[in-house]
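Data first, discussion second: the structure below is written as structure tokens.
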Amino acid sequence: MPSLSVTHALKAQPGSEATVRGWVRTRRDSKAGFSFIALNDGSCFDALQLVAPTALANYQSEVLHLTTGCSIEATGTLVQSQGKGQSVEMQVTSLRVLGMVEDPDTYPVSPKRHTMEYLRDFAHLRVRTNTFGAVARVRHCLAMAVHRFFHERGFFWVHTPIITASDAEGAGEMFRVSTLDSSTRPTPSSGTGLQPVSTPSSSSSSSHHPDFSQDFFGKEAFLTVSGQLNVETYACALSKVYTFGPTFRAENSNTARHLAEFWMIEPEIAFADIHDDMNLAEEFIKYLFKAALDERPDDMSFFNEHIDKTVIETLIKVIDSPFERVTYTDAVKILEQAIQKGKKFEYPVKWGANLQAEHEKHLTEEVFKRPVIVRDYPKEIKAFYMRLNDDGKTVAAMDVLAPGIGEIIGGSQREERLNVLDQRLDEMKLPKEAYWWYRDLRKYGTVPHCGFGLGFERLILACTGMQNIRDVIPFPRTPGNAKF
RNA sequence: UCCCCGAUAGCUCAAUGGUAGAGCGAGCGGCUGUUAACCGCUAGGUUCUAGGUUCGAGUCCUAGUCGGGGAGCCA
């Protein structure tokens, strides 16, 4: 008797016998001599309808007491359904209960509408719902597509470190990694303990001075905020590489788009400029969206019906149309024109200032109505490693803005000229010694290269139409919450 | 971190400063090749916490905790 997943059972030859296992979604009893059980095992969106006859030995004692969430194993014949709503169903010949729901009244995932906020408190059970099961499958599909995309194009996956003792990751607030005891514990006067390690150098000004030479790594260590600097070294030897792994930011960000622990994809390509970088980003996004539509039509149609009625249409539009490309300078002009026409922004538009979320939203949702790549930002508002343009004022940085999501990709051509890089380090008052190995890449056979970072969960948001990033990662970590 | 809003049954929400309610879910019964089933009955409450105002507080005031929306930071 073959054991089949529900997804295979639904495609089985009528008349074949099989055993299936899963969790009960609903049970309906018919006086015609049987009960209907919707069985889901997560292998696909749909449940398999079991038809359990009263003749089963345990019909009265067990089948009639099955409730949402019970785990069972059923054996029977897969047949064409006599009813509407499904093509295949199983005529059950034996049914074994693996685990009852002890008290159905306390089972948190009852068969009714639940809010995302409520289900977040039951992250261990929420994946049994339609929505979170679909998110999990699409997430997997996208992860596989990421690797396939790069593999097909000759990229190598590089496992950059999670722990970084190189105190040179740049800006961004980091989690400290330490085996020291009392010295790293917040003192009673140090407040909530939510304060991150803002930069390695600033920590020395705090009131207590842990002796990090005594710490595990012999120096301060942190969780990575980006694998970019490390992966650049591999790009400058293997030519086309990428990272895909967890990333940590200790920023006290409380939004639907930020996590303290998230997954990031960072390709890095040698012998390439900012235009190659933008082309790669565009091709990449389109490939991933297409993969979700092609490989998870069941889950995608659920999202389109219940989460965001325009998501499939939006994805198809993104796949079919070229991304708009605009320089920062032109973007500012467009925004200024919008203001002249009466558009009101909370924040002023001014060359030299960061584009605000409302500005990005206007560009991508109102002006172009599709993804927009903004490039060549003022050097003052971007990182030291971004390549200085010939105008001396801007750097070859690019952000991909997506409608409804905002910034989904941030990337740049890297500064490959040692003298210019050094000048930038000096301007930003960064210690050259700390970047010795990064500078070595420019000393020894330097090449133009570039890359970008894609927030994996933000990609999933865009792909599914889900609203909150906490609902597209299994166990979200955010300020004040590391449950489960 | 800043601004705004909220917290009442398992869930989603009502309730003019004056007896605590509905829908869904759950349990029981009925009906039905059913499928967000349908019909009936039943159970279910320290109204987030601590103070305060008042004859009387779910309702008003203060503080805190937690959650949501927006912003900043960013991916």
Side-chain angles (χ1 to χ4, degrees), chain A residues 25-39 46-53 64-65 67-69 79 81-86 89 91 101 103-122 130 170-173 191-192 194-196 198 225-228 246-266 281 305-306 345-347 354-358 360-361 381-383 399-402 405-411 452-462 467-470 478-481:
Chain A
R25 280 292 176 81
T26 58
R27 188 196 92 235
R28 294 175 296 277
D29 305 318
S30 167
K31 277 288 137 44
F34 37 75
S35 292
F36 298 103
I37 298 164
L39 186 77
D46 287 319
L48 175 67
Q49 174 156 285
L50 308 180
V51 183
L64 280 182
H65 297 100
T67 58
T68 304
V79 298
S81 179
Q82 297 168 35
K84 290 175 182 157
Q86 61 283 316
E89 66 189 15
Q91 296 286 348
V101 168
D103 180 1
D105 202 26
T106 64
Y107 184 58
V109 190
S110 52
K112 74 177 291 287
R113 280 196 163 279
H114 293 293
T115 59
M116 301 290 176
E117 295 80 41
Y118 168 75
L119 288 169
R120 237 168 260 156
D121 290 334
F122 303 97
N130 282 336
E173 296 167 337
T192 61
L194 251 183
Q195 282 76 24
S198 55
V225 294
S226 163
Q228 182 204 314
T247 310
F248 307 87
R249 302 274 168 92
E251 283 141 14
N252 192 7
S253 302
N254 294 286
T255 79
R257 292 178 246 304
H258 289 85
L259 291 165
E261 177 184 286
F262 64 100
W263 286 62
M264 185 155 66
I265 299 146
E266 296 173 290
E305 206 167 314
H306 289 102
F345 291 117
E346 193 187 337
Y347 289 86
N354 258 311
L355 294 181
Q356 301 295 318
E358 57 175 349
E360 298 180 342
K361 213 176 157 86
I381 58 174
K382 288 292 179 181
D399 285 349
V400 180
L401 313 176
I405 307 295
E407 187 179 337
I408 190 167
I409 282 179
F452 60 78
L454 168 74
F456 188 50
E457 285 76 17
R458 288 189 182 175
L459 170 80
I460 301 170
L461 287 180
Q467 296 290 307
N468 196 309
I469 202 163
R470 295 163 200 203
T478 52
N481 175 28

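So you know, we letter chains A, B, ... as the sequences are listed, proteins then strands, and number each from 1.
- A:Ala357 comes within 4.0 angstrom of the backbone, heavy atoms only, and of no base.
- Taking side-chain N and O atoms only, A:Ser30 has a distance below 4.0 Å to OP1 or OP2 of B:G33.
- Straight-line distance between the P atoms of B:U8 and B:C13: roughly 9 Å, to the nearest whole Å.
- Under the Watson-Crick or G-U wobble criterion, with both distances below 3.5 Å, B:G58 is left unpaired in every strand shown.
- Here the separation of B:A15 from B:U59, taken at their P atoms, is 14 Å to the nearest Å.
- Residue contacts for A:Asn254: at a heavy-atom cut-off of 4.0 Å it reaches a base atom on one of the strands shown.
- Residue A:Ser110 places no side-chain N or O under 4.0 Å from the OP1 or OP2 atom of B:G10.
- The CG-C1' distance, from A:Asn481 to B:G68, rounds to 14 Å in whole Å.
- Here the separation of B:G44 from B:C11, taken at their C1' atoms, is 13 Å to the nearest Å.
- Without hydrogens or angle criteria, A:Glu266 side chain to A:Gly227 main chain gives a donor-acceptor distance under 3.5 Å.
- No contact: A:Glu360 has no heavy atom under 4.0 Å from any strand.
- With the nearest nucleotide of RNA chain B identified for both A:Lys31 and A:Asp103, A:Asp103 has the one nearer the 5' end.
- Side-chain proximity of A:Glu251 to B:G33, B:C73, B:G23: nearest is B:C73.
- Here B:G72 is the nucleotide among B:G72, B:C74, B:G27 with the atom lying nearest to any side-chain atom of A:Ser253.
- A:His306 approaches A:Arg113 most closely through the heavy-atom pair CD2-NH2, 4.2 Å.
- Within 4.0 Å (heavy atoms only), A:Arg470 reaches sugar-phosphate atoms of the nucleic acid but no base atom.
- Between A:Asn468 and A:Ile408, the residue anchored nearer the 5' end of RNA chain B, judged by the nucleotide with its closest heavy atom, is A:Asn468.
- Of the P atoms belonging to B:C28 and B:U47, the separation is 30 Å, rounded to the nearest Å.
- Of the N and O atoms on the side chains of A:Arg249 and A:Thr247, not one donor lies less than 3.5 Å from an acceptor on the other residue.
- Within the nucleic acid shown, A:Ser81 comes within 4.0 Å of at least one base atom, counting heavy atoms only.
- In terms of modelled atom types and a separation under 3.5 Å, the side chain of A:Glu358 and the main chain of A:Glu346 share a donor-acceptor contact.
- Between the base of B:G69 and the side chain of A:Glu117 there is no donor-acceptor pair shorter than 3.5 Å.
- Rounded to the nearest Å, the gap between the P atom of B:C31 and that of B:G40 is 15 Å.
- Among the heavy atoms of the strands lying under 4.0 Å from A:His258 is at least one base atom, whether or not backbone atoms are also near.
- Comparing B:G33, B:G25, B:A71 by their nearest atom to the side chain of A:Asp105 picks out B:G25.
- No engagement by A:Thr247 is indicated, since no non-hydrogen atom pair under 4.0 Å with the nucleic acid exists.
- Nucleotide B:G6 forms a pair with B:C66, judged by Watson-Crick or G-U wobble geometry with both contacts under 3.5 Å.
- Comparing the same atom, P, in B:U16 and in B:G72 gives a spacing of 38 Å after rounding to whole Å.
- Using atom C1' as the reference point in both B:C41 and B:A36, the two lie 23 Å apart (nearest Å).
- Residue A:Glu261 is out of contact with every strand shown, counting any heavy-atom pair closer than 4.0 Å.
- If you check every strand for non-hydrogen atoms under 4.0 Å, A:Gln356 touches sugar and phosphate atoms only.
- Contacts of A:Thr106 with the nucleic acid, taken as non-hydrogen atoms under 4.0 Å apart, are absent.
- Of the side-chain N and O atoms in A:Arg113, none sit less than 4.0 angstrom from OP1 or OP2 of B:G23.
- Across all strands shown, B:G30 is found opposite B:C38 as a Watson-Crick or G-U wobble partner, with both distances under 3.5 Å.
- Listed candidates were B:A71, B:C11, B:G72. Nearest to the side chain of A:Arg257 is B:A71.
- In the set B:U32, B:G23, B:G33, the nucleotide with an atom closest to the side chain of A:Asp29 is B:U32.
- Within the 4.0 Å cut-off from OP1 or OP2 of B:G68, at least one side-chain nitrogen or oxygen of A:Arg120 is found.
- Among the heavy atoms of the strands, none lies under 4.0 Å from A:Leu459.
- Look at B:U12: its Watson-Crick or wobble partner, with both distances under 3.5 angstrom, is B:A22.
- Looking at A:Leu64 and A:Ser35, their side chains come closer than 4.5 Å, going by heavy atoms from C-beta outward.
- Comparing the P positions of B:G67 and B:C61 gives an interatomic distance of 24 Å, to the nearest angstrom.
- In this structure, A:Tyr347 reaches the sugar-phosphate backbone alone: every heavy-atom distance under 4.0 Å involves primed, P, OP1 or OP2 atoms, never a base.
- Counting any heavy atom pair closer than 4.0 Å across all strands shown, A:Ile265 reaches no nucleic acid atom.
- Note on A:Ala32: only backbone sugar-phosphate atoms sit closer than 4.0 angstrom, heavy atoms only; bases stay farther off.
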